[in-house]
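Only one structure is covered here, and it is reproduced in the block below.
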Amino acid sequence: METKKTSSFTGSLGFVLAAAGSAVGVGNIWRFPYLAAKDGGGLFLIVYLALVVTFGFTLLVTDVAIGRKTRENALHAFGSIRKRWAFLGYLTFLVPAIIMTYYSVIGGWIVRYLVAYVSGKGTEAARDGYFTAFITSKASPVFFMLVFLAFTAFVVYRGVEKGIEKFARIVMPGLLLMVVGIGIFSLTLKAPGENGQLRTGLDGFLVYVIPSLEGITVSRFLNVLLDAMSQLFFSLSVSMGIMITYGSYVKKDINLNRSLSQIEIFDTLVAFLAGMMIIPAVYVFFGTEGMASGPSLMFVSLPRVFEAMGAAGQVLGAVFFLMVVFAALTSSVSIMETLVANCMDIFHASRQRVSMAIGLISAAASLIICLGYNVFYFEMKLPNGSTAQLLDLMDYISNSFLMPFISLLTCIFVGWIVKPDWICQEMEASGHSFTRKRLYTIMIRYVTPIMMAVLFLQSAGVFELIKR
Ligand code: PFF
């Protein structure tokens, strides 16, 4: 029987690619560009970058170091350090369990679009109402979700080295190549706007990177900050046990300091490049109004952009959605791996049996989420003012509510109970120095917990209540 103690990544590159595979996902390619478009382009970029090297770095270091030092999954890691904190492990386990239910639904949507483009039916995807008709239909989203989930379970079933690492080694370089390629292509586009003036990809790029301070107020800036912060969690896959699990597979002689910087850079670079592919392309064909489409940017606006490009757009659409499928798969593999590794611990069962069981349970749960667009349809007002259906509600509970809360508790635990030195020692266990030690200590003790508390209160709707 395989247990986590015998599983490990073969080396630094394997770890970096697998962890970057987890980090780079739908969040980078779908969410990041539309947030950047909505939140003042370059302004969002600057804020996000500042947060990555401070908060992102702190949370990533904490998770991976806890995993490697304890050699435990999140479920037992906290309890193995201090018995009274075992509850935090259980709380952390909830996040991937919730995310798994809807991530595979979105994964299924992406597979659907890939199939449409590969089979030469990309123009249909650009028709009005296509996306809504698809997600509200009963059978099709379920079928594609199952395909996506089956592949995820297969990779996890194969194990850490032969499954996760091998898959990431094949997919991640290809993904990077495609993002760079489409990004550069996007800059070369041009088309006349409504007033006859030529709009170029380069103009669109400037809209993306130049900070727009139009109409900025303190409260709007705070909103940008909060958007960037919650994006950061989701994007780096931190505070959900995943990086603790992956950390537990990292060998002691690996220089964590360097590997973690590479993961941060990889994740941020792909997010930036995703914006560079999408924003200029949408701008060229639909102007600044086209960019304000929010979450529908990838599934509604982008197919229209591909259509406007003619034949080349159909090929590009296929490459684009293949890339997104890769990104989504490596992320969903990491979510399922965390669930499987934890359940192997709880039930003392083999990886193969647990992978199959988790695969089936996830399928049942994801089915309910799919039906959230027809049989179980409802609309609910969230504390942040937006209207949610079942999928959005799950997303809100895991990302906006649980993650800041878990991060807050983790910061208190590491910063004040076990003390930052405990982590710093692990960062230096391979004999390399921890270059951002001072920054880490200040961040984990003071800055991060305060920010997490603010984020949590905001997500819980407390600020709205005060305003009333
Ligand atoms: N970080 C991934 C993304 O940006 O899409 C998504 C993700 C992976 C979220 C793993 C949550 C998770 F547990």
Side-chain angles (χ1 to χ4, degrees), residues 16-36 48 51-52 56 59-60 63-64 67 73-75 91-110 148-149 152 155-156 164 167-168 171-172 175 179 227-247 263-264 266-275 278 295 297-298 323-342 358 362 365-366 391 394-404 406-407:
V16 169
L17 290 179
S22 169
V24 171
V26 177
N28 302 57
I29 301 176
W30 173 28
R31 217 157 164 257
F32 186 89
Y34 85 69
L35 286 178
Y48 185 82
L51 296 184
V52 170
L59 296 170
L60 193 60
D63 274 6
V64 175
N73 296 307
L75 195 68
L91 202 61
T92 309
F93 181 61
L94 270 182
V95 183
I98 296 175
I99 295 181
M100 192 72 237
T101 63
Y102 71 83
Y103 206 78
S104 43
V105 176
I106 301 176
W109 296 349
I110 300 164
F148 183 83
L149 205 54
T152 304
V155 175
V156 174
I164 301 168
F167 184 59
V171 160
M172 294 310 286
L175 185 141
V179 192
D227 272 353
M229 198 60 150
S230 50
Q231 168 65 13
L232 185 66
F233 275 117
F234 189 71
S235 190
L236 278 177
S237 308
V238 286
S239 297
M240 44 186 118
I242 290 177
M243 289 301 174
I244 299 184
T245 302
Y246 274 18
I263 297 166
E264 274 176 273
F266 204 127
D267 187 59
T268 311
L269 187 71
V270 173
F272 176 76
L273 289 170
I278 295 176
L297 189 67
M298 187 165 87
M323 180 196 72
V324 191
V325 167
F326 280 172
L329 271 174
T330 46
S331 296
S332 80
V333 159
S334 74
I335 307 173
M336 194 181 277
E337 171 62 22
T338 306
L339 297 176
V340 166
N342 279 317
I358 295 285
S362 304
S366 305
L391 188 149
M394 298 308 253
D395 179 54
Y396 194 80
I397 296 174
S398 59
N399 295 324
S400 303
F401 198 72
L402 279 174
M403 280 197 228
I406 290 169
S407 295

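It should be emphasised that the depicted structure is a prediction, and the values quoted were computed from it without experimental measurement. Order of appearance sets the numbers: ligands from 1, and atoms from 1 within every ligand.
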Indicate every side-chain donor-acceptor pair of residues 327-335 with a distance under 3.5 Å to a residue at least two apart or in another chain.
| unit_1 | atom_1 | unit_2 | atom_2 | d |
| --- | --- | --- | --- | --- |
| Thr330 | OG1 | Gly21 | O | 2.9 |
| Thr330 | OG1 | Phe326 | O | 3.2 |
| Thr330 | OG1 | Ala327 | O | 3.1 |
| Ser331 | OG | Gly21 | O | 3.3 |
| Ser331 | OG | Ser22 | O | 2.9 |
| Ser331 | OG | Val24 | O | 3.1 |
| Ser331 | OG | Ala327 | O | 3.2 |
| Ser332 | OG | Thr152 | OG1 | 2.9 |
| Ser332 | OG | Leu329 | O | 3.4 |
| Ser334 | OG | Ser22 | OG | 2.8 |
| Ser334 | OG | Ser331 | O | 2.7 |

More than 12 heavy atoms from other groups under 6.0 Å of CZ on Phe266: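 Buried by this count: over 12 neighbours within 6.0 Å.
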Could you go through ligand 1 and note, for every N or O atom, any protein N or O atom closer than 3.5 angstrom, writing the atom names and distance to 0.1 Å, or 'none'?
| unit_1 | atom_1 | unit_2 | atom_2 | d |
| --- | --- | --- | --- | --- |
| ligand 1 | 1 (N) | Ser22 | O | 3.2 |
| ligand 1 | 1 (N) | Ala23 | O | 2.9 |
| ligand 1 | 1 (N) | Phe234 | O | 2.7 |
| ligand 1 | 1 (N) | Ser235 | O | 3.1 |
| ligand 1 | 1 (N) | Ser237 | OG | 3.1 |
| ligand 1 | 4 (O) | Ala23 | O | 3.1 |
| ligand 1 | 4 (O) | Gly27 | N | 3.4 |
| ligand 1 | 4 (O) | Asn28 | OD1 | 3.1 |
| ligand 1 | 5 (O) | Val26 | N | 3.0 |
| ligand 1 | 5 (O) | Gly27 | N | 2.7 |
| ligand 1 | 5 (O) | Tyr103 | OH | 2.9 |

Distance-only polar pair, side chains of Asp267 and Ser235, donor-acceptor under 3.5 Å: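 Yes, side-chain donor-acceptor contact under 3.5 Å.
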For the atom pair [atom1] ([X]) and [atom2] ([Y]), what is the distance rounded to the nearest 0.5 Å?
X: Ser239; Y: Ile406; atom1: OG; atom2: CD1; result: 7.0 Å
X: Leu94; Y: Ile99; atom1: CG; atom2: CD1; result: 11.0 Å
X: Ile358; Y: Glu337; atom1: CD1; atom2: CD; result: 10.5 Å

